[in-house]
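Structure, as structure tokens:
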Protein chains: 2
Amino acid sequence: MELPERKRRILKAIVENYINTAEPVGSKALADSFDTPISSATIRNEMSELEEMGYLEKPHVSAGRVPSFAAYRLYVNELMDRHRVATNELEAMRLMMESKMREIDNIVVSASKVIGEMTQHTAVSMISRKGGDRVKRCELIAVDSGSTYAAVLVTGSDVKNKMLRLAAPVAPSTAAMLCTALNLAISENRLEYLLPSVAQSMGEDSQVYQMTSDILDFIRQTEAGSKPEVYIDGAARLLDNREYQDTGRAREVLEYFSDRSKVGELLESADGDPINVRIGPELQDPSMRDASLVFTSYQIDPNTRGIVGIIAPARMDYADVTAKLMAFTQAISGVMGRQRKQLKDAGETDEQRTENDEDTSR
Amino acid sequence: MELPERKRRILKAIVENYINTAEPVGSKALADSFDTPISSATIRNEMSELEEMGYLEKPHVSAGRVPSFAAYRLYVNELMDRHRVATNELEAMRLMMESKMREIDNIVVSASKVIGEMTQHTAVSMISRKGGDRVKRCELIAVDSGSTYAAVLVTGSDVKNKMLRLAAPVAPSTAAMLCTALNLAISENRLEYLLPSVAQSMGEDSQVYQMTSDILDFIRQTEAGSKPEVYIDGAARLLDNREYQDTGRAREVLEYFSDRSKVGELLESADGDPINVRIGPELQDPSMRDASLVFTSYQIDPNTRGIVGIIAPARMDYADVTAKLMAFTQAISGVMGRQRKQLKDAGETDEQRTENDEDTSR
DNA sequence: TGTTAGCACTCGGGAACAGTGAGTGCTAAA
DNA sequence: TTTAGCACTCACTGTTCCCGAGTGCTAACA
């Protein structure tokens, strides 16, 4: 059931007005803001119908109307102007990205910083790896005289290391043997037989047994996929919004933020859309009831993608935020794409790595 | 100039009263709270003298008095009862530490969580390494067909790795040679001659040159000491305090928190004292003017120490907080000590690693 | 039939105001 | 030196009142 044009225009105006002022909007003020002359009475009629349809709410009888969550949803889906970011803003973002990427050695952190500063909202950012990376190889490196080793795991796209502190030294030659056995087990995909066999040959009390067990744990952990790290930038900016002037509310949300895994789950839910918008109740969490999350994802490499978004009151400038997020994704994909392409090209021409490449890989 | 006994008792009572109620304390209420009968008029006289001496302040003429920062300082230095933590609380802490240490793989995070939950304040925690760790060895590991290597650096106490993405493949044998050269240069302490010599033999455009340069950067970076990671737990708890009901103030402090390096600097300033207390203006930052920081440090290994503390309004229960921090340090040093001792003992008896050991090294 | 003008009604919020009570400083007596 | 007494201050609270923005309804109008 399509909303008639005039209702759409009115609803859009109400949402935008409310986004800007955070105050219930009344019929009179709204009538004035239209260029086509239309009386406040007419608007009142339309409003009361929109209210019946569930798009508007009255805080109390003699106040104006406030958009419902359904209204925000409709606004985002159909009403909102998908405006482009001004070129000077784009330029600013590009600059910001460049400087941030240089100064901070992590794309996730940079992403949240850039988006946070651009939108002046709380930004969240994380990296999501598709599937657990299979461990391809393992190296053992003696750190000191032999009672500390570092286990280094090589996966398809990453290298991880972990210190193994042993209760007694293990000879380098023994470690080397263990390493060979491990790599054999890895390549033959027979990891589960390794521990029993070590137990048999060396005994369950041996340092080697302990070591093997630790390494296997480490491998399992790595393949299970590390819990993704979630970064949050500018949580304090939340307090700038009228809806969080009440410390109780603010506390709830900040508390929610501090449980990164919840935020991470939310972000993981990104579907194929370029921009995902979750409004208020759609976030499924009471403490976030009057907030919205807008986020997008970008490819970092074939099985890694970054997700970045902002969390702000449901009354937020969706048009602005989505535009900025889009611009960001484009910019970053540009950088990434160029980098990947370079790598390929370079395979033939052996040309020098460029500045961009260096920035992000650092 | 020593404060007479009665003034001390009155000041102490005022501070403690204010800590509990967050409300200006008046002469009458205070007189009642003393067991030795003493009239409110007398207290008024004493109070007005204490005010002259700079220990008390009046929010306005007909309110009670509020302790000044100087009063807090005096309270912490001389007046406060250094009470011990109740044994059941100690037990709770021990349990908490055990579970946290198991579930979170990082001592810094655990420390802040435990202290944060114990005190119900915002906890900060970091690790500070004495001096840049010298790199002792370097390994190169091929990740894929040769265009990606991982550089693994071994320092006295740690192992770090970093991916080197190359524009063109480098043969494993070449990498091995580079590795040997690197280790030679490291052991002979002649790193600065390496790059020029690679340039000469391989050319400045070569992948090996690029690789060497990246590795040298990485080494330099590692030896310079990574910027310490600072963890903050329960920032939202700040909002529970009356002094941060005002969102403006709260925002300032949260903003301050988000700049970890500032917090880190503060913590680094720990001197030899078991407990450090920085009250209000002593924090040297306008946004922290009415907050205090109480922190302590504990040894992790010979040149690594952990620092943990809490940030809360200047009106905080110093006695409680310091006691809890002390208890924490003791507990953690106990764990660490046992671990170290075990390592040594184990050298002779080759006994199994214990649970504690495993917990913290994970 | 849809739109508009007019009107009575609602109700949150701000201003004005008075009363309360916890607090103070001062003075004079114990 | 301490204390009782007293006058004074002033934040805070509750009440009342009024304003005005906003609504719904009705009747006139295009």
Side-chain angles (χ1 to χ4, degrees), chain A residues 2-11 13-18 20-68 71 242-243 245-246, chain B residues 3-11 13-18 20-68 71 242-243 245-246 315:
Chain A
E2 185 74 353
L3 219 51
E5 175 58 20
R6 196 174 60 187
K7 281 206 176 51
R8 292 168 67 90
R9 270 188 33 226
I10 290 179
L11 186 55
I14 293 177
V15 171
E16 286 174 353
N17 201 308
Y18 187 67
N20 289 327
T21 64
E23 245 140 62
V25 3
S27 54
K28 186 90 178 300
L30 201 60
D32 294 345
S33 80
F34 277 108
D35 29 349
T36 44
I38 185 172
S39 92
S40 64
T42 311
I43 298 205
R44 276 204 289 286
N45 288 334
E46 296 282 40
M47 275 176 155
S48 98
E49 280 172 56
L50 282 168
E51 186 175 353
E52 250 169 49
M53 298 164 83
Y55 289 122
L56 293 180
E57 281 160 16
K58 281 198 280 226
H60 57 258
V61 56
S62 78
R65 255 92 164 191
V66 160
S68 70
R242 167 182 287 243
E243 25 276 279
Q245 283 309 97
D246 171 38
Chain B
L3 218 51
E5 174 59 17
R6 197 175 59 186
K7 281 206 176 51
R8 294 169 65 91
R9 270 189 33 228
I10 290 178
L11 186 55
I14 293 177
V15 171
E16 286 173 353
N17 201 308
Y18 186 68
N20 290 325
T21 64
E23 244 140 64
V25 5
S27 54
K28 185 92 178 302
L30 201 61
D32 295 345
S33 80
F34 278 109
D35 29 347
T36 44
I38 184 172
S39 92
S40 63
T42 311
I43 297 205
R44 275 204 288 286
N45 289 333
E46 296 282 40
M47 274 177 156
S48 101
E49 280 171 57
L50 282 168
E51 186 176 351
E52 250 169 48
M53 299 164 82
Y55 289 121
L56 293 180
E57 280 160 16
K58 282 198 282 226
H60 56 84
V61 57
S62 78
R65 255 91 164 189
V66 161
S68 70
R242 167 182 287 245
E243 26 278 276
Q245 283 309 96
D246 171 37
R315 167 194 72 81

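Just so it is clear: chains get the letters A, B, ... in the order the sequence lines come, proteins before strands, and each one is counted from 1. Side chains included, hydrogens not; waters and symmetry mates left out as well; all remaining heavy atoms used.
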Assign each of Arg6(B) and Gly64(A) to its nearest nucleotide of DNA chain D by heavy atoms, then name whichever residue's nucleotide is nearer the 5' end. Arg6(B)

If you compare all heavy atoms of [X] against all heavy atoms of [Y], which two are closest, and at what distance to 0.1 Å?
| X | Y | answer |
| --- | --- | --- |
| Val61(A) | Lys58(A) | O-CD, 4.1 Å |
| Ala13(B) | Phe34(B) | CB-CZ, 3.9 Å |
| Arg315(B) | Arg242(B) | NH2-N, 4.2 Å |
| Val66(B) | Pro59(B) | CG2-CG, 3.9 Å |

Backbone N/O of Ala31(B) and side chain of Ser40(B): donor-acceptor pair under 3.5 Å: no

Kindly say whether Ile43(A) contributes a backbone atom to a donor-acceptor pair with the side chain of Ser27(A) at under 3.5 angstrom?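 Side chain of Ser27(A) to backbone of Ile43(A): no pair is present.
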
Quick one: [X] [atom1] to [N] [atom2], roughly how many Å, whole number?
| X | N | atom1 | atom2 | answer |
| --- | --- | --- | --- | --- |
| Met47(A) | dT4(C) | CE | P | 15 Å |
| Ile43(B) | dT24(C) | CD1 | P | 10 Å |
| Phe34(A) | dT4(C) | CZ | C1' | 16 Å |
| Tyr18(B) | dA22(C) | OH | P | 19 Å |
| Glu57(A) | dT23(D) | CD | P | 15 Å |

What's the separation between atom [atom1] in [X] and atom [atom2] in [Y], rounded to the nearest 0.5 Å?
| X | Y | atom1 | atom2 | answer |
| --- | --- | --- | --- | --- |
| Leu50(A) | Ile14(A) | CG | CD1 | 6.0 Å |
| Glu57(B) | Arg65(B) | CD | CZ | 11.0 Å |
| Leu11(A) | Glu49(A) | CG | CD | 13.0 Å |

Think Ser62(B) has a side-chain N or O under 4.0 angstrom from the OP1 or OP2 of dC10(D)? no

Protein-nucleotides 24-26 of chain D N/O pairs under 3.5 Å:
unit_1, atom_1, unit_2, atom_2, d
dG24(D), OP1, Lys58(A), NZ, 3.1
dG24(D), OP1, Arg65(A), NH2, 2.8
dG24(D), N7, Arg44(A), NE, 3.1
dG24(D), O6, Arg44(A), NH2, 3.2

Thr42(B) has a side chain; which of dT3(C), dT10(C), dT2(D) sits nearest to it?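 The nucleotide sitting nearest to the side chain is dT2(D).
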
Could you go step by step and tell me if Met47(A) and Glu51(A) meet the side-chain contact (heavy atoms from CB on, under 4.5 Å) rule? CA-CA 6 Å; Met47(A) 275 176 155; Glu51(A) 186 175 353; over 6 Å; no

Considering only residues two or more places apart or on different chains, which pairs with a residue in residues 32-41 of chain B satisfy salt bridge (Lys or Arg N to Asp or Glu O under 4.0 Å)?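 Applying salt bridge (Lys or Arg N to Asp or Glu O under 4.0 Å) to every pair that reaches into residues 32-41 of chain B, excluding sequence neighbours, yields nothing.
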
Of all residues at least two apart in sequence or in a different chain, which pass the side-chain hydrogen bond (donor to acceptor under 3.5 Å, both in side chains) check with Thr42(B)? Ser39(B)

Grab the N/O contacts between the protein and nucleotides 12-19 of chain D below 3.5 Å, and write none if there aren't any.
none

Evaluate whether atom NZ of Lys28(A) has more than 12 neighbouring non-hydrogen atoms of other residues, nucleotides or ligands under 6.0 angstrom away. no

Return the residues of residues 24-33 of chain A meeting this criterion: a heavy atom under 4.0 Å from some atom of DNA chain D. Order them by number, or give none. Gly26(A), Ser27(A)

Give me, pair by pair, the N or O atoms of the protein and of nucleotides 14-17 of chain C that are less than 3.5 Å apart, along with how far apart they are.
none

